[in-house]
Amino acid sequence: MSDLISPTKLTKKDFETDQDVRWCPGCGDYSILANVQRVMPEFGIARENIVWVSGIGCSSRFPYYMNTYGFHTIHGRAPAVALGIKVANPELSVWLATGDGDGLSIGGNHLMHCLRRNLDVKILMFNNRIYGLTKGQYSPTSELGKVTKSTPAGSVDQPVDPASFALGVNASFVARSIDTEAQHLSDVLRRAAAHVGTAFTEIYQNCNVFNDGAFDAFTDKAVRAERQVRVEHGKPLLFGANNDKGLRLNPRTLALEVVTVGDGGVALSEVLVHDETNPAFGQLLARMPFPEFPVAIGVLHASQRPTYDGTLRAQQKAAREKLGQGDLAKLLRGGSTWTI
Amino acid sequence: MSDLISPTKLTKKDFETDQDVRWCPGCGDYSILANVQRVMPEFGIARENIVWVSGIGCSSRFPYYMNTYGFHTIHGRAPAVALGIKVANPELSVWLATGDGDGLSIGGNHLMHCLRRNLDVKILMFNNRIYGLTKGQYSPTSELGKVTKSTPAGSVDQPVDPASFALGVNASFVARSIDTEAQHLSDVLRRAAAHVGTAFTEIYQNCNVFNDGAFDAFTDKAVRAERQVRVEHGKPLLFGANNDKGLRLNPRTLALEVVTVGDGGVALSEVLVHDETNPAFGQLLARMPFPEFPVAIGVLHASQRPTYDGTLRAQQKAAREKLGQGDLAKLLRGGSTWTI
Amino acid sequence: MNEAPSSTSPHDFPREVIRGAVVRFAGDSGDGMQVTGDQFTAAAALARNDLATFPDFPAEIRAPTGTTYGVSGFQVHFSSQDVFTPGDAPDVLVAMNPAALKTNLRDLKKGGVLILNSGTFNATNLKKAGYDVNPLEDNSLEGYTVLSIDITKQTVAAVKDTGLSNKEAHRCKNFWTLGLMFWIYSRPLEPTLQWIESKFGKRSDLVAANIAALKAGHAFGETAEVFQHRYEVPPAPVEKGEYRNIGGNTATALGLVAAAQLAGLPLVLGAYPITPASDVLHELSKYKQFGVTTVQAEDEIAAVCLALGASYAGNLGVTSTSGPGMALKMEGIGLALSVELPLVIVDIQRGGPSTGLPTKTEQADLLQAVYGRNSEGPVCVIAASTPGNCFTMAIEAVRLALKYMTPVILLTDGYLANGAEPWKIPNVADLPKIDVKFRTDPAGFHPFLRDPATLARNWAIPGTPELMHRVGGLEKDYDSGHISYAPDNHERMVKARAAKIAGIASDIPPLTMEVGDDSGKLLVLGWGSTYGAIREAVQRCRDRGLSVSHAHLRYLNPFPQNLGEVLKRFERVLVPELNLGQLVKMLRSAYLVPAESLAKVQGQPFKITELEEKIRQVLES
Amino acid sequence: MNEAPSSTSPHDFPREVIRGAVVRFAGDSGDGMQVTGDQFTAAAALARNDLATFPDFPAEIRAPTGTTYGVSGFQVHFSSQDVFTPGDAPDVLVAMNPAALKTNLRDLKKGGVLILNSGTFNATNLKKAGYDVNPLEDNSLEGYTVLSIDITKQTVAAVKDTGLSNKEAHRCKNFWTLGLMFWIYSRPLEPTLQWIESKFGKRSDLVAANIAALKAGHAFGETAEVFQHRYEVPPAPVEKGEYRNIGGNTATALGLVAAAQLAGLPLVLGAYPITPASDVLHELSKYKQFGVTTVQAEDEIAAVCLALGASYAGNLGVTSTSGPGMALKMEGIGLALSVELPLVIVDIQRGGPSTGLPTKTEQADLLQAVYGRNSEGPVCVIAASTPGNCFTMAIEAVRLALKYMTPVILLTDGYLANGAEPWKIPNVADLPKIDVKFRTDPAGFHPFLRDPATLARNWAIPGTPELMHRVGGLEKDYDSGHISYAPDNHERMVKARAAKIAGIASDIPPLTMEVGDDSGKLLVLGWGSTYGAIREAVQRCRDRGLSVSHAHLRYLNPFPQNLGEVLKRFERVLVPELNLGQLVKMLRSAYLVPAESLAKVQGQPFKITELEEKIRQVLES
Ligand SMILES: Cc1ncc(C[n+]2csc(CCOP(=O)(O)OP(=O)(O)O)c2C)c(N)n1
Ligand SMILES: Cc1ncc(C[n+]2csc(CCOP(=O)(O)OP(=O)(O)O)c2C)c(N)n1
Ligand code: SF4
Ligand code: SF4
Ligand SMILES: [Mg+2]
Ligand SMILES: [Mg+2]
């Protein structure tokens, strides 16, 4: 990525555009935007080599506010458009902003194929568990029984967990963070940026107009220590205000349990040590039922495998090496010809 | 389902239609069809209460050959059409035939949402790791580097595993079987039929024209004992011609390993005992890399949770109980009116 | 059912009886303009005025306060005469802040009344609205009757005893304004007082405050010496009957429910949210007790496919959407017409192309509806002309879909969806009967057996003994229903499908004049939501002695049988459309008439005056 | 590059010089009819005959042997004169089994030659083909010249020394047959001998066997006393140059590669397999060394979106599909025209509606291409007329897309895709130049700045310093490119997009006559793959003195500027189409001319005689 590097050091300001930001006052999207604008200069990539791609939704307005190249496409199709961009110019740093509706409802298939192909793009899914832009219908991440405009008697769809979905289709990087946890989010963004391959980051985002407080049960300052486990590679899976709770696995039943660690509890050595390279950890962590278990945030899984664009480039190089630059006149003549 | 029951005992013949079966001679689809026609009478459902729905592909021709109701829809959309059928008439026994392209390429999103909603339908995915009907392009389950008409230099897409995908989106029943393993397939079909909720069954199916022998490496008589582990709920995960190999999990690293059991090997008690109700087993089994590990076939996961159609029906009942049969005249008058 | 109360408060202020007025409320998204407009409309309705409304709100959910793009508007036209549109230019503009003034002033009638909340004209708001100079202080408002009132201050004072926080107190401004407007137009306060109680019942402080504000605004009119007179708009001479106010999406939803009941079928709606169609989903999702099931699908493709699946299983399958969603449904509609199952598709058109102008109106999906499928894929296309007509046309869509075993596309648009009008509540017994017969007889059955009169195939649904069969999107043999690739059979089937749709022409009403003679110099031919504006414009031109008539198409594929003949009886034909001339294309092609297009593609409905002017131009040229 | 060899084998058999012939090979899917046809065609081409071919194979991948729906056919028309179609009715039918006879006999010319493999006329095969009586034994073949030969037996005997299994030996039947046909038409064996060696090179037994079979068939002609004479078809008087045989999909693919090279852009094809379009994907996937990237997408929506993404990033984005896939792409095409990026969409039409007749041809996506998007979504639509013309029109599609920053839809069809014709290989230097300029200058830049002449916006691609900007599907301000919901601006943009496409009319060739005078009684106006049949039919009618001309549209939106004028110069206009009259609709609407439709919707191309008859009818009525 050497030639992508920005010659001058950029600041947050450099990533702001002259457009009025048109989210509702108080929306979690603002924090995410500010965070991204703050962290992005660190990556040292010139703005002209960055492209933000999005679908449709409140979250998908994101590109308008980033002073990079931006493409606000159609509902659900951002991963497909990004595929074309990345294939056409693999040098670009391509970022996607999507919502739980855009990315998992109408766009679930493109997201799935992007993840399994391991296209080298960074995806931020703003999960507010609601359709914001269309004014408050339930989304694929809304909880069962959710009462919304389209489900006055409560929804009958059981939700999908974005991280679990991503791991099921072999995503190489899966992380979770929270709109308002500035430090944590910055760290996760840095990890995502550094990952080579599809980096999928789910960000719990508060829609204060249509689903206010959706994540309070585990993001509220008062409870978050007890209700979140912040996972880190190589570190034991501990949580609680006093770091005195841990996650242990029964090796025969493969049942996960919350244990008290230390005084009166189990030994630290019994607590699982997070291995982000083993997807089994990601799966277990992603699916933990709440509130029986804490919500896992951080990098649930990260591993290296070839990227779609990388393999493609290698093939192209090999073809040129083997066949040389194509000769059009020869191509047109094809197999057998005759002259009159 | 009492009123679905067929009054007379049906036979395989009753499920055959007068249409010429138009698959290539030798195609694995024939074995699956015969198996289904043989097993279906056991379920005791009258033929008029069964609907086969499919998309487009060789596999999707299936409905034409079943003497039940049948709807050959459009490419990838069978789960959506089935959703409408099941919502309109939840009494029907609805079965889907799909292919790896139909179900996972163009139709991946509908399949995903069907699975997470847990609609009470039975899905058979004929996975031949190729596009048969369009004459041999690679599919989302084709191995990386696959050389096909559309990928003369080998494909650059990493495949998705159907079972792992299904488990990632919280499928309540996930099984695998093989076209030519008549007994095994029959057993799995019986289990699928009995499951209440979306029963997803992947069937490895040989396309002898465009991808002949795709599964020989583990289905061939000579090797299958060593290369398949047939999972059964409550039974240890053993395989090998002498049942002397087992799967063990390292409880700290969560790494799976193949161990020799008994003489000179580990104790049987160290081998994992399959728990089909715990999705963690399904995940581990579904993702095992081949040939380092055997291919798991059988019911990888089965658990009960509310169905989409069931919850919907309950809501409808509740609404009628609470509000009575709707009164159209009253409805049209709505809120405030005035008379002139 | 309420009897419409007549004005009750006795007073000695001069009351001028006027024919009617057009009022627009405009303010910040958070200023409650939609509620204000609704209440003001309800009062006009209860006074038996004829009326039409049009809300116009921003695309943003909640734009930052004070910005021009965060302005929300509501226009209502009420009259003692028939009302056909929400009015071109407001007679009265209520502007709750500088941004509202900035974006709405250009529409106000010359000499119109401007009611301003001067309390918001501070430096910050002026800047946000893009004013360099305070318009209250330069001469820019000359030519209007300006009533500049510090509504904020008045409201805060009025509610100060209710213990509300400052922020909440500010929120009552709209009821203060409403009170004032009620005074001006001689409306009783009671219905709104009741509404406030039922709405805020749980919070007695809010009830008290809003009531206090409403009354204070009303009292302000009575006591402040700024008003010359108040107005009275007598009842309109409308047909006897029971009325309600109805918006287009509600009418569409109710029409669908009614039609399903008339047909005796459960209704399954498959829909994916999209502006401005989502309300049809929202509305229908309340009617489980009517056998209505709504499924919020994962996307529009799933929505149309599940609706089709429901029809296959013997329910009434319906799907609703708007432009971009419509494009996605075309493959599914193609399957529906190929398997010949009933299906109703409601397209509530919005501004395009692509994502376009989601909250604005347009009539530009006509050609997509008629032609937007691969190969020869004829379906029936109809369109509603007014909010209330959405009810009628929704029933008609269902009737035709069931009778002809075909997809029917019902076109409405954002203007109809969001607009509202008084609607005479139909008698259920008077609604059309819809007969549905499922096939049950195995004798001679095959799935594509056709009714010789309608060419509709028979409908045999799963669960019917002995009729097991398979259908699909491959071509079918005319005589057995089995897959067939035979050349002659294909042509026969293509023609049969086309003939079936063409045959619907004999089952729909002939085109008649809405206004004017059956022949003459100029026919103004419209379709869809332009109805009101065209009707009014043509009437006005006729009043000035011009030879012009108005006819309105509610059936677009097929056309009414007499359309060609009607067109020939006029020297010229003018077709106003909110697109670049799509119906014109179809008319010219079908009848080789030099129909002329009046195209407007601004996301806004026609103004009556625009049409009048064009009519005059055409007749003079 | 080969010099075309002239016939070499000396003999004293009478040779009749004929103008040309139409030969059809028909047999089981496994009988190798496509290979036989290809080789026979190659021989005709090397003999410098003009020719056209049309394969017709079953929808099933490999239908059970002996069934009628498993029959695979290949028709070739070769001549010393210009050839425009594969011919209406074969002069010679080779039927390798009863099913092939059953399904093809009806097409054979009265008195035509029927070559039958009597070795397959056994009870099983007769039954599978639906014959109650062996047609060789009743009188049903009277009226044809029947040559009944046990080709199976002859072949097995010929290859018995090569050690092939019985099954493999049987497979050589087609080369035996080819040998016989070569003898009859005086063709040299050498090229096919070479082909066999290169094809089966790795298996010397197969090489030996197929050569033995070929030679045995040839010798059979020479020695068996069944043939009165053999034929010779002299070279056609075609333009000098280097020729190859080319099919429509190959030509399309090569045209796209050539255009990308001419423009100096890498090409990205996004495609999802679908019959009959898949071969464009297959073909392009071989050209990595030309900077061509092909992506097999997860569906058609992804395919069009990724092509658009590639264009956004400065490559040439292309997507190829057929009818149902086309329907799915419409929302993406709408985005492309809204963001005004170049994009080429190739629609290789097939029989519909819905899944329809996947392996059959049709021209019924025209209206979908022109109108099938939500709202006002104009794009350029062009069509190829012959397999070779696909090359030219593919280049044209790219040229227009790049020059006007717009999606261009190129329509071809199953008939063009699978058919083939000799094609004069163009000189690369003679191909049109395609200039592409990316915007790099920041001065005064905004993304929707337009070239005043073409109205194309400037193309600033990611990676360009200081030109960072955002685009999307919401409406844009004409003067800044920012999101705008302003009414007047919307209309301005809608009209600008329409004017841009309309303006292409000045950049395309005027319509000229293919055959006949510039005015007269009847103009037969075609578009797309009907070219050859119309041209030939019109020529024949003119030869009989009728006043008829042929013009052919390659540009369908916009039409050539002079089209209206051309239409007026004829008393009547007849428009033959493989649909229910779609172009007719457009012509009537655009020019108010009473153009008449000749519609055929059978999944089959027009026969010349059908057209001749209709022309005569029209001129007589
Ligand atoms: C094809 C299409 N269908 C539907 C819509 C309407 N639509 C716009 S955004 C949206 C959902 C937004 O939800 P999400 O992705 O969660 O974003 P959020 O607004 O919550 O950030 C929908 C249904 C559309 N624009 N296009
Ligand atoms: C919209 C659409 N796109 C593409 C096709 C072409 N098509 C038909 S079947 C198929 C893939 C079949 O693969 P799979 O589902 O694996 O079925 P198989 O034939 O292998 O059983 C494709 C691409 C189509 N019919 N419709
Ligand atoms: S609707 Fe919700 S998600 Fe959208 S901008 Fe407002 S608060 Fe944010
Ligand atoms: S192509 Fe393959 S999958 Fe299709 S019928 Fe033939 S063998 Fe079976
Ligand atoms: Mg959301
Ligand atoms: Mg397959």
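Predicted model only: the values in this text are computed from it and were never measured. We name chains A, B, ... by the order of the sequence lines, and we start the count at 1 in each one.
Only the side chain of D:L328 comes within contact range of chain B, with at least one heavy atom under 4.5 Å from a heavy atom of that chain. Using a 4.5 Å cut-off between heavy atoms, B:F210 touches chain D through its side chain atoms alone. In this structure, chain B has a heavy atom under 4.5 Å from the backbone of D:A297, while its side chain stays farther away. With a 4.5 Å cut-off on non-hydrogen atoms, B:P140 does not touch chain D at all. When heavy atoms are compared at a cutoff of 4.5 Å, B:C27 does not approach chain D at all.
Looking at D:D365 and D:Q349, their side chains never bring a donor and an acceptor atom within 3.5 Å of each other.
Using the six-membered ring where Trp is involved, D:Y272 and B:H75 have ring planes that are tilted, between 30° and 60° apart. Using cut-offs of 30° and 60° for the angle between ring planes, the B:F218 and B:F290 rings count as perpendicular.
Aromatic ring centres of B:F200 and B:F165 lie farther apart than the 6.0 Å criterion allows.
At least one side-chain heavy atom of B:V295 sits less than 4.5 Å from a side-chain heavy atom of B:Y204.
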side-chain contact (heavy atoms from CB on, under 4.5 Å) assessment of B:D100 paired with B:N128
CA-CA 7 Å; B:D100 43 326; B:N128 53 14; 2.9 Å; yes
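For the set B:D157, B:T148, B:I56, B:D20, the count of heavy-atom pairs under 4.5 angstrom toward chain D peaks at B:D20. Comparing B:T151, B:L133, B:I74, B:V156 by heavy-atom pairs within less than 4.5 Å of chain D, the highest count is held by B:L133.
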